[in-house]
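I'd like to ask some things about the structure below.
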Amino acid sequence: MRRRHVLGFALFCLLSGSGWLVDNAYPSPLPALERQALHDLVIALAAAAFLIFKRRSPQPIPLLRIATASILLLGLPASLNELAHSVSATSGLALFALVPLFLIVGAIAFNPSSPNPQPSRALMTPALIGFVGALLLPAFQFPSTTHGAFLFALVFAAALSTAAGSLWIYTLLRGHDLAPALAIFCGANALFLGIVAPLTSPIVSPASSLPHELLRALDLPQLLLFLWLLRELDPIRFGSRFLLVPLLSVLEGVILVHPPIDPRLGLAALFMAIGGVTLLFANAPADAESPPSLNLR
């Protein structure tokens with residue numbers, strides 16, 4: 001993996017893992033899906049404005065397929081998670097720690113003609129180690145009721161959708177400019193979440209909090225970095241974020257909140273670090289390819 005990929009991935013994990021600090025310092029009055037739809041709309045409009053002002057027609061791009069894959073990757077999982085909102089954040093995190101394993105299984109299943117699929121199978125071990133680490137997080141609990149099991153199933157489906165979207169969009173972004181992809185990606189999710197949001201919670205008028213939300217929506221660099229990493233890194237390698245980003249959040253919580261020392265938490269962090277770092281730096285078939293450069297033209 002190249003140095004720029006390591007730096008980009010580290011920056012993305014830092015921004016993503018620190019999101020809870022912003023949420024705690026500046027809580028939003030808007031429901032989660034409505035807030036995300038507003039953010040995506042602002043970013044989609046910004047990307048579209050960039051394309052207009054550069055006065056150059058973008059290269060042909062599979063608009064419908066990228067839109068569908070982006071909803072599978074972000075919009076649908078966000079909606080399923082909102083429906084299962086009573087599942088604790090820690091339990092949801094542990095279920096999403098299955099995404100790297102889903103990515104490995106999916107890469108093997110949908111590339112049966114690969115000349116050397118064995119490395120992918122070998123990566124199942126660190127993926128399982130990372131998942132076990134997530135299960136060891138102190139607040140994780142298995143469901144004890146039928147309703148709880150149903151909510152777990154929704155989060156499980158969200159993790160499956162995320163893995164499917166990751167595998168698909170990686171093939172769609174290769175060789176394409178990021179600005180039009182960003183406009184399609186955010187526009188599709190803004191439309192989807194705008195339709196779903198009223199079905200999950202009452203609509204709250206954003207008028208009073210619009211300036212605040214617009215400032216919170218200025219995560220264009222993070223989303224651009226996210227799309228760039230989706231295109232540059234193979235899905236399994238980038239999927240290590242589902243172990244490393246929560247690990248970073250846990251470490252930040254330990255440093256800032258100073259909870260009682262728990263050996264179980266230390267073991268969970270160790271397992272997640274072993275799984276995530278191994279997946280991130282393991283050899284992958286995509287390493288043999290020449291990755292496209294960051295190009296907004």
**OP:** Examine distances only and state if a side-chain atom of R231 and a backbone atom of Y170 form a donor-acceptor pair shorter than 3.5 Å.
**Re:** no
Subject >> Steps toward side-chain contact (heavy atoms from CB on, under 4.5 Å) verdict (L182, F50) >> reply: CA-CA 11 Å; L182 183 65; F50 174 83; over 6 Å; no
Subject >> Distance-minimising heavy-atom pair for L244 and C13 >> reply: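 What the structure gives for the nearest pair is CB-SG, 4.5 Å.
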**OP:** Taking all heavy atoms of L279 and all of P126, pick out the closest pair and write down the distance.
**Re:**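 Residues L279 and P126, closest heavy atoms: CD2-CG, 4.1 Å.
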**OP:** Step through it carefully: locate the ring centre of F238, locate the ring centre of F12, and say whether they are under 6.0 Å apart.
**Re:** yes
Original post:
Any side-chain heavy atom of T200 within less than 4.5 Å of one from S79?
Top reply: no
Original post:
Just by modelled atom types, is the A179 backbone N or O under 3.5 Å from a matching donor or acceptor in the D177 side chain?
Top reply: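 Pair absent, no side-chain N/O of D177 close to backbone of A179.
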Subject >> Minimum heavy-atom distance L123-I104, with the two atoms named >> reply: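 Nearest heavy atoms, L123 then I104: O-CD1, 3.3 Å.
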Subject >> D262 CG to L136 CG distance, which is reported to the nearest 0.5 Å >> reply: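 Separation between the atoms: 10.0 Å.
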Original post:
Linking I/L/V/M/F/W/Y whenever any side-chain heavy atoms sit under 4.5 Å apart, do L15 and L73 land together?
Top reply: yes
Original post:
Parallel under 30°, tilted from 30 to 60°, perpendicular over 60°: which one fits the rings of F185 and F226?
Top reply: perpendicular
Original post:
Side chain of N189, backbone of G75: donor and acceptor closer than 3.5 Å?
Top reply: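 Confirmed, N189 side chain pairs with G75 backbone.
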Original post:
L267, V254: one ILVMFWY side-chain cluster at the under-4.5 Å cut-off?
Top reply: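 No, separate clusters.
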Subject >> Member of V87, L83, L80, N81 meeting the side chain to side chain contact (heavy atoms under 4.5 Å, CB included) criterion with L151 >> reply: V87
Original post:
Can you hop from I274 to L101 via hydrophobic side chains spaced under 4.5 Å?
Top reply: no
**OP:** Find out whether P31 and L33 are in side-chain contact, i.e. whether some heavy atom of one side chain is under 4.5 Å from a heavy atom of the other.
**Re:** no
Original post:
Quick check, are the ring centers of F102 and F96 under 6.0 angstrom apart?
Top reply: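 No; F96 has its ring centre 6.0 Å or more from that of F102.
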Original post:
Taking C-beta and beyond as the side chain, do L93 and F242 meet within less than 4.5 Å on heavy atoms?
Top reply: no
**OP:** Mind checking the CZ-OG1 spacing from R65 to T68? Nearest 0.5 Å is all I need.
**Re:**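 Answer rounded to 0.5 Å: 10.0 Å.
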Original post:
Cut-off 3.5 Å, side chains only: do Q141 and S91 have a donor facing an acceptor?
Top reply: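 No, S91 and Q141 have no side-chain donor paired with an acceptor closer than 3.5 Å.
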Subject >> Heavy-atom pair with the smallest gap, counting every atom of A197 and E34 >> reply: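 Result for this residue pair: CB-N, 4.0 Å.
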Original post:
Between CG of L223 and CG of L230, what distance do you get to the nearest 0.5 Å?
Top reply: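 With rounding to 0.5 Å, CG (L223) is 9.0 Å from CG (L230).
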Original post:
So, do Q222 and S16 sit near enough that their side-chain heavy atoms are less than 4.5 Å apart?
Top reply: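 Sidechains of S16 and Q222: in contact.
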Original post:
Hey, any chance L280 and V6 share a hydrophobic cluster, counting ILVMFWY side chains that come within less than 4.5 Å of each other, even indirectly?
Top reply: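 The answer is yes; both residues are in one hydrophobic cluster.
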**OP:** Measure the spacing between CG of L248 and CG of L243 and express it to the nearest 0.5 Å.
**Re:**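 With rounding to 0.5 Å, CG (L248) is 13.0 Å from CG (L243).
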Subject >> Beyond-backbone contact of T171 with W168, side-chain heavy atoms, under 4.5 angstrom >> reply: yes
**OP:** Check G239 against P100 and note the closest heavy-atom contact, atom names and distance.
**Re:**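 So the minimum-distance heavy-atom pair works out to O-CG, 3.3 Å.
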**OP:** Answer yes if L45 and L51 sit in the same cluster of Ile, Leu, Val, Met, Phe, Trp and Tyr residues linked by side chain heavy atoms under 4.5 Å apart, and no otherwise.
**Re:**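 No, L45 and L51 fall in different hydrophobic clusters.
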**OP:** Answer whether the closest heavy-atom distance between the side chains of L247 and E252 falls below 4.5 Å.
**Re:** no
**OP:** Could you tell me whether a side-chain N or O of S161 sits under 3.5 Å from a main-chain N or O of L72, the two making a donor and an acceptor?
**Re:** yes
Subject >> Where G275 and I129 come nearest, the two heavy atoms and their spacing >> reply: N-CG2, 4.5 Å
**OP:** Given side-chain contact (heavy atoms from CB on, under 4.5 Å), test F271 with L135 step by step and report yes or no.
**Re:** CA-CA 10 Å; F271 282 6; L135 292 179; over 6 Å; no
Subject >> Flag side-chain contact, heavy atom, 4.5 Å: R4 against F9 >> reply: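 They are not in side-chain contact.
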Original post:
Nearest 0.5 Å, what's the CG-CD distance between L193 and E82?
Top reply: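 Going from the CG atom of L193 to the CD atom of E82 covers 10.0 Å.
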Original post:
Do the side chain of R237 and the main chain of A282 share a donor and acceptor less than 3.5 angstrom apart?
Top reply: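 Between the backbone of A282 and the side chain of R237 there is a qualifying donor-acceptor contact (under 3.5 Å).
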Original post:
How about I108 and M124: do any of their side-chain heavy atoms sit closer than 4.5 Å?
Top reply: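 The answer is yes, as the side chains (C-beta and beyond) meet within the 4.5 Å cut-off.
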Original post:
If you round to the nearest 0.5 Å, how far is OG1 of T162 from CG of L103?
Top reply: 9.0 Å
